[in-house]
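Counting starts at 1 for both ligands and their atoms, following the listed order. Source: prediction; values computed, not measured.
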Amino acid sequence: MEQLIIIGSGPAGLTAAIYAARAGLAPLVLSGTLPGGQLTQTTLVENYPGFPEGVQGYDLMEAFKKQAAHFGARFQSAAVTACELRTEAGPHTLTLDGGEPLTCRALIIATGATPRWLGLPAEEALKTKGVSSCATCDGAFFRNVPVAVAGGGDSALEEALFLTRFASRVHLLHRRDRLRGSQIMQDRVRGNAKIEIHWNTVVADILDPAAGKVTGLRLRDTASGAESALACGALFVAIGHDPSTGAFRGQLETDAEGYLRLPGPGTATAVPGVFAAGDCVDHVYQQAVTAAGQGCQAAIEAERWLAAQPPLAES
Ligand code: NAP
């Protein structure tokens, strides 16, 4: 049985790993389906403290991992599909996607969040064929063609700006008449001649599944209901994220959107020895630095909880 398992390897999970490893707990980190988390899908991170020139998201997460490994954290490439959390003294059992189940005394859940989709049938049919949630991953495939980005938050603005490197024109489609993203990002988008903002606009359909690629969009004006056509070679969907908490459903309390609910001010869940941190909990800030801070808090709380437990009986 493991002393401490950390599920997730984004800023929250890896910061928890650094602290727990330094405390001598030799935590086992389950890296999940996207090792390093969402930051590995982004380009320049400009707001992580300590990097006045910015830092590439992938490089930042590699540095986190190296630091955790340096202090004795261990890593296993696996995602948790189900769990059995015990309300008494544990142990908690985790079911993995391929691999033997694991048991642990203490658990830190830092599973993050995954991109949200529009829910159109054509979207599903055209994923990897022009419909994407990651401009960093797929933007370079669409050189010198017009592309569209759906969303009005920082992610959409960031994707739109990134795509101007490749695309002939970037159409930003937002369902309201005001952007949600931060002022600095809004200013950059408005100052970029390649980006055209379509206000009060949603994607009604994506063309053309029969052709096996994106050839254009059918847009709907949310105010008038009028529909129009937009020719483009790709649609990048950046409309927020859903917390990755499915494996804990029925075991831990969540809110209506699926974020884990913490009963107190710290990171402890209602189950003794189980802590949660980062985007799977936080629907407000969702920043690398806040996730890292909460990961630190979870590790300290897990360490204190473990120290207060009676020694395990020899079996
Ligand atoms: P977000 O802030 O929740 O924005 C989601 C956007 O998608 C909103 O504009 C929303 O419209 C729109 N939307 C949601 N559902 C939709 C639907 N079904 N159809 C059409 N549009 C829909 O999410 P995010 O942009 O992913 O950002 C998440 C967090 O990460 C934020 O705290 C953000 O500041 C942060 N972040 C920061 C940076 C950075 O600092 N560089 C980069 C990326 C993300 P409404 O506005 O009408 O609700």
Query raised in the report: Does an N or O anywhere in Met185 fall below 3.5 Å from an N or O of ligand 1?
Result: no

Query raised in the report: Any N/O of Glu158 closer than 3.5 Å to an N/O of ligand 1?
Result: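 There is such a contact, yes.
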
Could you see which bit of [X] sits under 4.0 Å from ligand 1, with heavy atoms only: side chain, backbone, both or neither?
| X | value |
| --- | --- |
| Arg180 | side chain |
| Gln287 | side chain |
| Val202 | neither |

**Report entry** Exercise: identify the closest heavy-atom pair between Leu161 and Met185
**Finding:** CD1-CE, 4.1 Å

Query raised in the report: What pair of heavy atoms forms the shortest contact from Arg175 to Thr222, and how long is it?
Result: O-OG1, 3.3 Å

Query raised in the report: Parallel, tilted or perpendicular for Phe162 and Phe166, by the 30°/60° rule?
Result: perpendicular

Query raised in the report: How are the rings of Tyr259 and His283 set relative to one another: parallel (under 30°), tilted (30 to 60°) or perpendicular (over 60°)?
Result: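 It falls in the tilted class, 30° to 60°.
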
Requested in this report: Would you mind finding which of Thr201, Ile239, Thr222, Leu157 brings a heavy atom closest to atom 7 (O) of ligand 1?
Outcome: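 Checking each option, the heavy atom nearest atom 7 (O) of ligand 1 is found in Ile239.
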
Query raised in the report: Out of Glu46, Glu159, Gln286, who gets a non-hydrogen atom closest to atom 31 (C) of ligand 1?
Result: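 The option holding the nearest heavy atom is Gln286.
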
Query raised in the report: Checking side-chain hydrogen bond (donor to acceptor under 3.5 Å, both in side chains) for the pair Asp154/Ser182: CA distance, chi angles, key distance, verdict?
Result: CA-CA 6 Å; Asp154 277 326; Ser182 56; 2.9 Å; yes

Roughly how far, to the nearest 0.5 Å, is the [atom2] atom of [Y] from the [atom1] atom of [X]?
| X | Y | atom1 | atom2 | result |
| --- | --- | --- | --- | --- |
| Ile109 | Ser244 | CD1 | OG | 12.0 Å |
| Leu25 | Ile5 | CG | CD1 | 12.5 Å |
| Gln186 | Arg180 | CD | CZ | 11.0 Å |

So which protein heavy atom does [atom] come closest to, and at what separation?
| atom | result |
| --- | --- |
| atom 23 (O) of ligand 1 | Gly240 CA, 3.5 Å |
| atom 32 (O) of ligand 1 | Tyr285 O, 3.2 Å |
| atom 16 (C) of ligand 1 | Arg175 NH1, 3.3 Å |
| atom 9 (O) of ligand 1 | Gly152 N, 3.0 Å |
| atom 47 (O) of ligand 1 | Arg176 NE, 2.6 Å |
| atom 26 (O) of ligand 1 | Ser155 OG, 2.6 Å |
| atom 19 (N) of ligand 1 | Leu118 CD2, 3.8 Å |
| atom 37 (C) of ligand 1 | Asp154 CB, 3.6 Å |

Report task. For Asn47, take its heavy atoms, then give the atoms of ligand 1 lying under 4.0 Å from any of them. Result -> 39 (C), 40 (O)

Requested in this report: Below 4.0 angstrom from a heavy atom of His241, which ligand 1 atoms are there? Numbered from 1 as shown, please.
Outcome: 26 (O)

Query - ILVMFWY clustering at 4.5 Å (side-chain atoms), partners of Leu217 - result: Trp117, Leu118, Leu120, Leu126, Val131, Leu173, Val203, Ile206, Val214, Leu219, Leu230, Leu235, Val237, Ile239

Requested in this report: Return each pair, listed once, that meets salt bridge (Lys or Arg N to Asp or Glu O under 4.0 Å) where at least one residue sits in residues 249-266; pairs must be two or more places apart or across chains.
Outcome: Arg116-Glu257, Glu253-Arg261

Query raised in the report: Does His174 reach ligand 1, in the sense of a heavy atom lying below 4.0 Å from it?
Result: yes

**Report entry** Criterion side chain to side chain contact (heavy atoms under 4.5 Å, CB included) on Gln76 and Leu28, from CA distance to verdict
**Finding:** CA-CA 7 Å; Gln76 183 173 333; Leu28 176 65; 3.8 Å; yes

